[in-house]
Protein chains: 2
Amino acid sequence: MLDLRRLEILARFAARGTITATAADLGYSPSAVSQQLATLEREAGIALIERTARRASLTDAGRELAGHAARILDAVESAESRMRARAGTVGGRVAVSCIPALAPALAPRLAELQRVHPELTVVAHETGSANAAAAVLDRRYDLAVIDDWSAHPPADGTGLAVHRLRREDIVLAVPAGHPLAGHPGPATAARLRQIVADRTWLCAPVGQLSRAAGDRHLASVDATPSRRWEFEGLHVLAALVAADAGVAFLPAGMAEEQPGVTGLRTAPRMRRTLLALTRSTTRDDPAVAVCLRAARQALGDGR
Amino acid sequence: MLDLRRLEILARFAARGTITATAADLGYSPSAVSQQLATLEREAGIALIERTARRASLTDAGRELAGHAARILDAVESAESRMRARAGTVGGRVAVSCIPALAPALAPRLAELQRVHPELTVVAHETGSANAAAAVLDRRYDLAVIDDWSAHPPADGTGLAVHRLRREDIVLAVPAGHPLAGHPGPATAARLRQIVADRTWLCAPVGQLSRAAGDRHLASVDATPSRRWEFEGLHVLAALVAADAGVAFLPAGMAEEQPGVTGLRTAPRMRRTLLALTRSTTRDDPAVAVCLRAARQALGDGR
DNA sequence: ATCGAGCATCAGATCTCCTTATCCAGTCCA
DNA sequence: TGGACTGGATAAGGAGATCTGATGCTCGAT
């Protein structure tokens with residue numbers, strides 16, 4: 001009978017592509033991974049891996065078996081979650097990912113969990129929203145807090161459970177001294193076109209969801225920034241606006257909290273949604289549930 | 001992570017009910033089973049087994065986990081079959097069950113397989129048709145050859161693949177010296193009513209499918225045997241008819257082969273269907289496929 | 001040409017798991 | 001009532017699996 005741990009190694013290898021990375025992910029030595037994959041090939045009775053001296057890649061059979069492995073591991077994880085739910089024990093290791101901007105708000109809540117549930121180990125990382133879904137499905141994280149800048153955030157899908165934490169309005173952040181700050185009407189298309197012509201436009205680097213959403217909005221009102229500066233991190237953008245370095249789109253809460261910044265409602269309205277992602281196989285796991293609840297308390301809008 | 005072998009032990013325990021029987025099924029000592037189940041409980045973090053001194057039975061959690069285990073093991077077996085199909089190798093162990101009457105015809109074909117495919121091990125048993133489906137689903141057998149005496153044989157169902165091998169007419173077998181043997185018209189209702197009044201009715205014991213089907217037929221033509229003898233095995237019944245001990249329903253082929261017996265067509269027509277059962281998870285396994293092909297050649301009607 | 005990344009293989013230490021032996025608690029039966 | 005039997009748990013020991021660390025190989029990049 002095929003061995004579950006070997007199947008897990010194969011699935012991880014399919015996701016990562018090299019034996020060394022697979023070993024690092026799983027906490028084994030590359031040697032162990034190499035041996036286990038060799039054993040799995042013997043058990044399966046067919047070549048799963050194409051070996052060159054420097055590179056190992058999956059054969060067709062290997063790819064197919066990795067697919068089966070993913071489904072099998074899902075079923076096992078699901079069964080484990082159900083048992084933990086029955087036992088009602090909060091324990092084990094939960095890997096959490098959070099976008100950097102929200103980490104300061106989330107971390108204390110998670111730290112508190114460790115106090116309430118001594119058996120629980122939370123491992124938290126900061127990562128962007130872009131690949132979070134894949135990372136959760138890949139079991140690199142069990143819970144990921146991300147933001148979604150599109151009008152219609154994703155819903156539960158293949159293996160992924162999506163939990164809406166909060167909706168936030170996006171505002172045009174201008175320095176408190178700016179003429180528009182005195183007339184706090186909405187940032188209409190005309191106003192936007194004018195301001196991007198006058199002032200430096202501050203935004204996230206290409207590839208970030210907030211950048212794409214902001215660019216879409218500007219394009220929709222036919223506003224083309226005359227000068228762009230790119231910075232990583234919404235808090236950095238907020239500080240730059242306060243320092244009169246330019247203007248930017250920011251979440252309303254963040255603009256309010258930043259002294260020296262005034263936020264103007266956008267028209268048409270622009271929003272982002274804070275989401276938490278889990279695997280549907282861990283839906284029943286109490287450990288994941290308490291982490292999700294902590295995220296709701298730290299970041300949710302109370303619903 | 002839950003261990004696959006332990007899950008298999010749990011699933012088997014759920015099917016058998018005692019640790020000793022589980023161990024016997026899997027070829028372990030009871031001690032090993034006991035230890036593995038204890039380990040599984042520790043891993044699952046919840047009691048799976050209710051232990052009294054003399055009896056071990058599943059808790060609710062244990063029953064649920066056994067259900068998950070069955071699905072997981074199905075997925076694993078399916079993956080294994082797919083890999084074997086890709087490799088195209090006929091090997092491993094195939095457990096075959098066959099109803100006693102057909103075993104003499106099937107066995108030589110299976111023996112030949114062992115010659116053609118040295119890597120293949122076939123383990124054959126004779127069992128009745130009644131519990132064959134459950135035994136196949138339970139992995140006690142990989143292939144079961146059974147007969148079905150109902151008008152509408154079962155089709156593929158939950159996890160079971162049904163392969164039709166042959167349909168056979170059922171005839172009324174009378175001794176060659178009997179008056180009806182000279183007038184080989186069909187055994188109509190009237191003739192049946194008369195003959196069961198005159199002669200001893202030979203049939204299989206209660207519980208056999210052939211017995212139930214025969215009784216149904218007799219009842220449908222309102223014929224009540226005046227005297228019954230019950231014997232196990234259709235070949236035995238054929239020999240008894242030849243020895244002028246009575247009359248019986250027999251498959252046409254069996255009646256023809258038996259010297260001293262004449263078969264009369266039944267009206268309405270009565271038939272049995274020879275079926276082979278496999279798990280749908282082993283549909284792709286070449287080893288099961290060659291055994292099924294052997295059964296078709298030995299017992300099928302060439303379609 | 002040299003270096004480094006990635007992988008395979010080997011030897012040894014550790015750990016897992018199975019078996020045998022023994023014990024315990026009910027149940028059956030005389 | 002008291003053995004014999006059945007079903008299960010536990011302890012000890014050995015066989016086998018698996019991990020690590022060391023070593024060597026190949027290929028591509030500097």
Side-chain angles (χ1 to χ4, degrees), chain A residues 1-63 65-66 69 73 76 80 93, chain B residues 1-59 61-63 65-66 69 72-73 76 80 93:
Chain A
M1 170 145 46
L2 296 175
D3 184 87
L4 214 50
R5 282 172 49 256
R6 289 193 257 273
L7 288 179
E8 184 187 23
I9 291 174
L10 180 69
R12 189 57 61 112
F13 176 80
R16 298 303 305 271
T18 77
I19 289 182
T20 306
T22 306
D25 269 21
L26 297 174
Y28 294 141
S29 65
S31 164
V33 171
S34 176
Q35 290 176 58
Q36 290 303 312
L37 287 177
T39 304
L40 183 60
E41 285 191 282
R42 207 171 342 102
E43 287 176 347
I46 187 170
L48 303 172
I49 291 180
E50 217 118 46
R51 297 142 196 284
T52 68
R54 257 183 71 75
R55 200 82 206 156
S57 61
L58 287 175
T59 62
D60 282 351
R63 240 182 309 281
L65 187 55
L73 292 168
V76 171
E80 285 177 318
R93 186 177 167 285
Chain B
M1 171 147 44
L2 296 175
D3 184 86
L4 214 49
R5 287 179 37 260
R6 289 193 257 273
L7 288 178
E8 185 187 22
I9 291 175
L10 180 69
R12 190 57 61 113
F13 176 80
R16 298 303 306 273
T18 77
I19 288 183
T20 307
T22 306
D25 268 21
L26 297 174
Y28 294 143
S29 65
S31 164
V33 171
S34 176
Q35 290 177 58
Q36 290 304 311
L37 286 178
T39 304
L40 183 60
E41 286 191 282
R42 209 172 340 104
E43 287 176 347
I46 187 170
L48 304 172
I49 291 179
E50 215 118 47
R51 297 142 196 283
T52 67
R54 252 184 76 71
R55 201 82 207 156
S57 61
L58 288 174
T59 62
R63 240 183 308 281
L65 187 56
I72 292 166
L73 291 167
V76 171
E80 284 177 318
R93 186 176 166 286

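Proteins come first, then strands; the chains are lettered A, B, ... in the order of their sequence lines, and each starts at number 1.
Rounded to whole angstrom, the span from the CD atom of A/Gln35 across to the C1' atom of D/dT20 amounts to 9 Å. The CD-P distance, from B/Glu41 to D/dG8, rounds to 13 Å in whole Å. We find that CZ of B/Arg16 is positioned 16 Å from C1' of D/dG8, with the value rounded to whole Å. The distance between atom CE of B/Met1 and atom P of D/dT18, rounded to the nearest whole Å, is 13 Å. In this structure, CG of A/Leu58 is placed 12 Å from P of C/dC7, rounded to the nearest angstrom. Rounded to whole angstrom, the span from the CG atom of B/Leu48 across to the C1' atom of D/dG8 amounts to 16 Å. Taking atom CZ of residue B/Arg6 and atom C1' of nucleotide C/dC17, one finds them 9 Å apart after rounding to whole Å. When the C1' atom of C/dT9 is taken as reference, atom CD1 of A/Ile19 falls 12 Å away, rounded to whole Å.
Phosphate proximity of C/dC18 to B/Arg5: present, with a side-chain N or O under 4.0 Å from OP1 or OP2.
You'll find that the side chain of B/Arg51 is closest to D/dA9, out of C/dG6, D/dA9, C/dT19. Nearest to the side-chain atoms of A/Arg55 among the listed nucleotides C/dC17, D/dT20, C/dG6 stands C/dG6. In the set D/dG7, D/dT18, D/dT20, the nucleotide with an atom closest to the side chain of B/Thr20 is D/dG7. For A/Ser34, taking side-chain heavy atoms from C-beta onward, the closest of the listed nucleotides D/dT20, C/dT9, C/dC17 is C/dT9.
Among the atoms of the strands shown, only primed sugar atoms or phosphate atoms (P, OP1, OP2) are found under 4.0 Å from some heavy atom of A/Ala56. Within the nucleic acid shown, A/Ser29 comes within 4.0 Å of at least one base atom, counting heavy atoms only.
Contact detail for B/Ala47 and B/Ala61: the closest heavy-atom pair is O-CB, 3.8 Å.
A/Leu40 pairs in a side chain to side chain contact (heavy atoms under 4.5 Å, CB included) with only one of the listed residues (A/Leu48, A/Asp3, A/Ile49), which is A/Leu48.
In the model, A/Gln35 has no side-chain atom that pairs as donor or acceptor with a side-chain atom of A/Thr39 under 3.5 Å.
Side-chain contact between A/Leu2 and A/Leu65: present, with at least one pair of heavy atoms (C-beta onward) separated by less than 4.5 Å. Side-chain contact between A/Val33 and A/Gln36: absent, with no pair of heavy atoms (C-beta onward) separated by less than 4.5 Å.
On a pure distance criterion of 3.5 Å, no polar donor-acceptor pair joins the side chain of A/Thr39 and the base of D/dT18.
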